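Before any comments, here is the structure.
In the text below, chain A, chain B and the rest are named by the order of the sequence lines, each starting its count at 1. Not measured: the values here are computed from a predicted model. Scope of the values below: all heavy atoms of this structure, side chains included, with no hydrogens, waters or symmetry mates.
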Amino acid sequence: MNIDLEWRNFDVLVIGSGGAGTNAAETAAKAGASVLLVAKDPLSASDTKISEGIATVRASGSEDDSEEALSENLKIAGSDLPVEEITSAFAKDSQTAYDKYRENGLRPEISSITKGPNSLPLPMGGHTRRRSVGHKNSGLAFGHANWNAIVKENKIEYLEDCWVIDLVTSEYDDGGRKVEGAIIYDAQKGKLLAICAPSVVMAAGGLSTLYFPKTDTMRGNTGDSYAIAARAGAELVDMEQTQFLPFCLTSPPSFEGLLGGEPVTASYLGVLRDKNKKVILDGVYLRTRAECSAAIMKAVEDGRGTPNGGAYLDMRANKRAPKSGTYFMKFLQNSLPSAYNNVRQAMNKKEAQCDELWEVRPSAHYMMGGIRVDENGQSIAGKKSNNGVRGLYAAGQAMGGLFGANRLGSTSLTEGAVFGSRAGFAAALYSRNFNKNKLNKDLFLKEAYKLNNLLGQMGTKHASQLKILVQKECWNNLGPIRDKKRLKKTQQFISQCRKELKKVQIGKNLLWNQSLIEYLELVNMIDTAELMTHAALERDGSVGGHVRADCKDLSIFSKPYSTVVKVRKSHIEVSKIDRKRTELKKLVEFKFKEQKRFLEAKLLRLLPMKFKDAIIEKRYKKIMGSKEKAPPLEPGSIEAAVGDQKVL
Amino acid sequence: MNRRLQNNSEYLEVTIIAHKEGQDLPTKFKYKKRNEKEKPMALDVLLQAQENQLPDLAFRYGCRARNCGVCTIDINGKPRIACRAVVRDGDELKAMSTLPVITDLIVRRDQISRQLKGKIYEGGRKNDLNVEASEDYHELTSCIECYACLDNCPMHEKNFSEIKNDQDYFQWGNPFSLLKLQTIATDPVSTVVRREAAVSAALELGLETCLDCPGCKCGVGIDLKGKVIKPLLQNSKLVD
Ligand SMILES: Cc1cc2nc3c(=O)[nH]c(=O)nc-3n(C[C@H](O)[C@H](O)[C@H](O)COP(=O)(O)OP(=O)(O)OC[C@H]3O[C@@H](n4cnc5c(N)ncnc54)[C@H](O)[C@@H]3O)c2cc1C
Ligand code: SF4
Ligand code: SF4
Ligand code: FES
């Protein structure tokens with residue numbers, strides 16, 4: 001069989017046109033590299049574009065916001081799983097990285113005091129300082145900036161509708177692997193591309209589509225970043241750390257999975273109820289997302305779930321309070337405008353007014369783990385953090401090590417810019433060591449033949465339909481609550497599923513072959529899910545986004561570690577790496593503050609209505625200020641779930 | 001009477017026009033409502049069709065919430081954002097007619113962005129960036145790039161009638177491209193040179209076509225006529 005391959009040479013190949021990929025491409029091009037940016041979605045269509053558009057900019061709200069303060073904030077919030085070099089890099093670059101979006105047209109409000117970007121009015125919960133900057137048009141403003149960055153440059157070549165299938169690697173002198181380039185399926189033109197490039201920046205986003213339709217992210221999050229990097233030999237860290245948002249919508253289908261509220265917006269008197277209206281969790285506003293999600297899923301498991309497999313969020317008490325009740329609706333509407341907008345469209349009037357219960361269910365939002373890298377995005381491996389796959393860089397949601405067990409709010413857009421730029425620069429420098437014309441053609445041909453053999457595969461199964469089964473399995477057994485038995489079940493399911501792959505029918509044409517696209521994404525979903533099960537089994541305790549129903553919570557005083565997974569020839573290798581624990585004194589202080597808050601919440605609930613009402617009214621006034629407008633919250637951020645915060 | 005009966009039925013029947021190798025392939029599809037009251041969006045119908053009847057049906061979507069702008073299709077011949085367009089019994093779903101169809105409901109989109117390649121000029125740096133943009137600037141950046149505005153645009157139509165266009169990019173412009181150029185013109189950070197370059201780029205794309213056009217319409221409600229076309233025509237001195 002002859003393959004129609006198009007061969008191209010570049011210094012740097014960037015995968016993904018969200019915030020991370022765009023910044024990588026722009027920086028690499030500025031450093032003099034020839035750059036190809038490819039994405040499977042149209043240019044700039046990404047999680048970055050559909051986000052709430054709130055970004056962390058150090059010292060935007062207060063002068064005393066040092067790099068150390070921000071770095072430590074991230075580390076403690078992530079239960080000490082984050083890597084200090086990486087959190088420090090984030091803190092060091094947040095301002096310059098944010099300015100790169102501004103150079104491409106992002107225009108925030110300017111503060112009359114600092115004369116710089118205006119941060120939101122409150123030092124938001126999880127952050128120890130005011131440093132989150134909101135934007136008109138939310139993520140769309142970032143989408144335009146990214147679009148401009150690529151289109152304005154004559155230096156950057158870009159291709160959309162292109163699915164990166166696999167990296168091509170070769171053996172390095174010391175026995176490790178090194179990048180040679182990638183095989184890419186260009187669906188739009190109907191051909192296969194052999195892209196030879198010594199450096200590749202992986203910025204292909206997350207994996208929440210493993211849980212579709214129980215997700216609020218883009219369709220393309222099929223775990224491609226992780227699966228492709230792992231197949232090339234890279235190590236992944238913290239792959240059990242999935243962030244679920246507990247209060248997402250269950251119906252109608254067009255709104256299923258989209259955000260409804262966050263623990264904080266359930267406000268002081270919100271509770272969760274099962275289908276019999278029995279309270280299953282109170283003090284919701286102080287709870288972690290994982291706690292809320294686990295409570296919901298527990299009820300479902302016991303047969304007390306609501307018709308669509310969730311629970312009821314009851315916020316009526318907030319509204320009934322004679323004085324504070326009037327503030328509550330304003331608080332709800334202003335603090336999460338996009339979520340409330342979903343509610344208004346999806347629910348009936350009484351529900352939207354919180355006079356009736358909301359049916360809610362968790363949704364996958366973000367993967368905190370990812371490709372194991374150093375502070376420049378370079379793949380690393382082993383106990384001593386040596387070289388991983390040489391020439392492989394990762395940035396954005398694809399990388400791990402910045403957030404650990406929990407993501408501090410409004411940090412991901414900044415993450416994309418900080419590590420996109422760093423990875424782009426490092427990739428450009430590294431590529432200078434290579435002679436472009438020295439090409440290992442056979443390695444590419446081998447990968448291309450694999451793909452060619454798939455075309456025209458006969459069978460009775462359809463990848464798009466198998467995907468749905470994988471999504472169900474991930475939701476049921478690798479979802480917001482997990483235990484050993486279920487994780488083992490998922491592993492069995494996956495090996496069964498691999499056998500089915502041979503029975504999948506795949507069309508023979510190359511021009512936009514949807515059956516091939518579905519197949520490629522299905523394989524990535526299966527590979528990613530399998531890696532996740534290994535990490536989730538290794539972490540035999542609950543921490544952050546990982547809830548093990550069959551184990552205890554991991555104490556914050558225990559020795560922190562990250563899980564590492566790696567694909568070997570015949571098996572998946574799992575290990576742990578130790579992380580540095582924050583000073584004991586600081587942790588004790590935190591524990592104390594947490595207990596105090598819970599106690600206060602309990603006392604508040606027990607007070608007679610008259611007193612309770614007056615106290616709550618005062619609190620709303622404090623949050624909303626004179627304008628009676630609550631500052632917006634970012635879904636998934638720590639301030640939207642104060643229970644997740646580790647520093648007050 | 002019929003209408004009411006249909007509304008309450010368990011099913012909703014639509015025609016999905018797939019497309020392979022230059023040929024339209026219509027299929028009738030019965031959408032099973034999840035409850036009587038459900039008013040499905042076009043995207044719900046496509047997803048269910050893929051699940052139950054047309055496993056390899058190709059269509060674009062991303063966010064399901066009218067943010068990413070990639071899901072636009074024609075419903076009964078008019079461009080609609082599929083994730084937020086309610087479908088009715090008898091509707092016909094088809095690829096957007098204003099862009100080249102690749103397969104099924106997928107159109108090629110990148111000939112639009114490529115026509116601006118190298119024409120968007122670099123903004124300011126560091127402290128120059130600390131200025132606020134006008135309301136107009138923010139209205140223009142609320143564009144989700146859905147390309148619904150291409151419908152009935154005589155300038156864009158020239159790409160298919162006047163010239164044989166097999167290039168990587170379209171020679172003639174469209175409302176979206178003009179919006180991008182006008183965004184530069186309203187950006188407080190833009191220098192005079194940059195503003196002028198944006199206007200001449202608009203002229204190159206065929207801005208004069210707008211002179212005898214009743215004006216364009218945006219899928220998410222941006223005032224294209226008032227905030228894009230009018231100022232561009234004025235700044236280019238095509239009108240005063
Ligand atoms: C609803 C929502 C609200 C959010 N709000 C905020 C917020 O306010 N603040 C904040 O900081 N964060 C927020 N986040 C999180 C943040 O948006 C994302 O984490 C971040 O944008 C990820 O950026 P990225 O560049 O890593 O990936 P993405 O922006 O997701 O980009 C991924 C890119 O990779 C491409 N791709 C994927 N697979 C392949 C493949 N195989 N081949 C080629 N290309 C591929 C895609 O086409 C896309 O271009 C929010 C997320 C969501 C979903
Ligand atoms: S006014 Fe100009 S851009 Fe708008 S539809 Fe008419 S010709 Fe097209
Ligand atoms: S201007 Fe309006 S219709 Fe045109 S692409 Fe933008 S959002 Fe869509
Ligand atoms: S799917 Fe994103 S706009 Fe429709």
If every non-hydrogen atom of [X] is compared with every non-hydrogen atom of [Y], which pair is closest and at what distance?
X: A/Thr215; Y: B/Arg64; result: O-NH2, 3.0 Å
X: A/Pro117; Y: B/Asn130; result: CD-OD1, 3.9 Å
X: B/Ile102; Y: A/Ala187; result: CG2-O, 4.4 Å
X: B/Asp44; Y: A/Pro253; result: OD1-C, 3.9 Å
X: B/Pro55; Y: A/Ser464; result: O-OG, 2.8 Å
X: A/Ile50; Y: B/Cys63; result: CG2-CB, 3.6 Å

Considering only heavy atoms, which portion of [X] lies under 4.5 Å from any heavy atom of chain B: side chain, backbone, both, or neither?
X: A/Leu159; result: both
X: A/Glu256; result: both
X: A/Gln465; result: side chain
X: A/Pro213; result: both
X: A/Lys461; result: neither
X: A/Thr217; result: backbone

What residue in [options] has the most heavy-atom pairs under 4.5 Å with chain A?
options: B/Glu21, B/Lys39, B/Glu51; result: B/Glu51
options: B/Cys68, B/Ala65, B/Ala133; result: B/Cys68
options: B/Leu43, B/Leu116, B/Thr183, B/Asn52; result: B/Leu116
options: B/Arg84, B/Gln48, B/Met41; result: B/Arg84

For [X], which atoms come within 4.5 Å of any heavy atom of chain A: side chain, backbone, both, or neither?
X: B/Leu47; result: side chain
X: B/Arg114; result: both
X: B/Ile106; result: side chain
X: B/Asp110; result: both
X: B/Gln115; result: neither
X: B/Lys180; result: side chain

Kindly indicate, with the supporting measurements, whether the criterion side chain to side chain donor-acceptor pair (under 3.5 Å) is fulfilled by B/Asp104 and A/Gln514.
CA-CA 10 Å; B/Asp104 293 350; A/Gln514 191 68 27; over 6 Å; no
As an exercise, state the distance from [atom1] of [X] to [atom2] of [Y], rounded to the nearest 0.5 Å.
X: B/Asn35; Y: A/Ser251; atom1: CG; atom2: OG; result: 7.5 Å
X: B/Lys20; Y: A/Trp512; atom1: NZ; atom2: CH2; result: 12.5 Å
X: A/Asn148; Y: B/Ser113; atom1: CG; atom2: OG; result: 11.5 Å
X: B/Arg66; Y: A/Asn341; atom1: CZ; atom2: CG; result: 9.0 Å
X: A/Lys136; Y: B/Thr141; atom1: NZ; atom2: OG1; result: 9.5 Å
X: B/Lys117; Y: A/Ile150; atom1: NZ; atom2: CD1; result: 7.0 Å

Can you spot which of A/His462, A/Glu518, A/Lys467 makes a side-chain hydrogen bond (donor to acceptor under 3.5 Å, both in side chains) with B/Gln50?
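Single side-chain hydrogen bond (donor to acceptor under 3.5 Å, both in side chains) partner of B/Gln50 among A/His462, A/Glu518, A/Lys467: A/Glu518.
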Donor-acceptor pair, A/Asn137 side chain versus B/His138 backbone, under 3.5 Å?
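Indeed, once roles are kept as given, a pair shorter than 3.5 Å links the two residues.
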Main-chain N/O of B/Leu129 paired with A/Arg102 side-chain donor or acceptor, under 3.5 Å:
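Between the backbone of B/Leu129 and the side chain of A/Arg102 there is a qualifying donor-acceptor contact (under 3.5 Å).
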Do you know which of A/Leu43, A/Asp41, A/Asp161 has the most heavy-atom pairs with chain B at a distance under 4.5 angstrom?
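Sorted descending by pairs with chain B, the first entry is A/Asp161.
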Derivation and outcome, side-chain contact (heavy atoms from CB on, under 4.5 Å), residues B/Glu132 and A/Glu109
CA-CA 6 Å; B/Glu132 274 183 23; A/Glu109 224 176 74; 3.5 Å; yes
What class does the angle between the rings of A/Phe212 and B/Tyr61 fall in, given that below 30° is parallel, 30 to 60° is tilted and above 60° is perpendicular?
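A/Phe212 vs B/Tyr61 ring planes: tilted.
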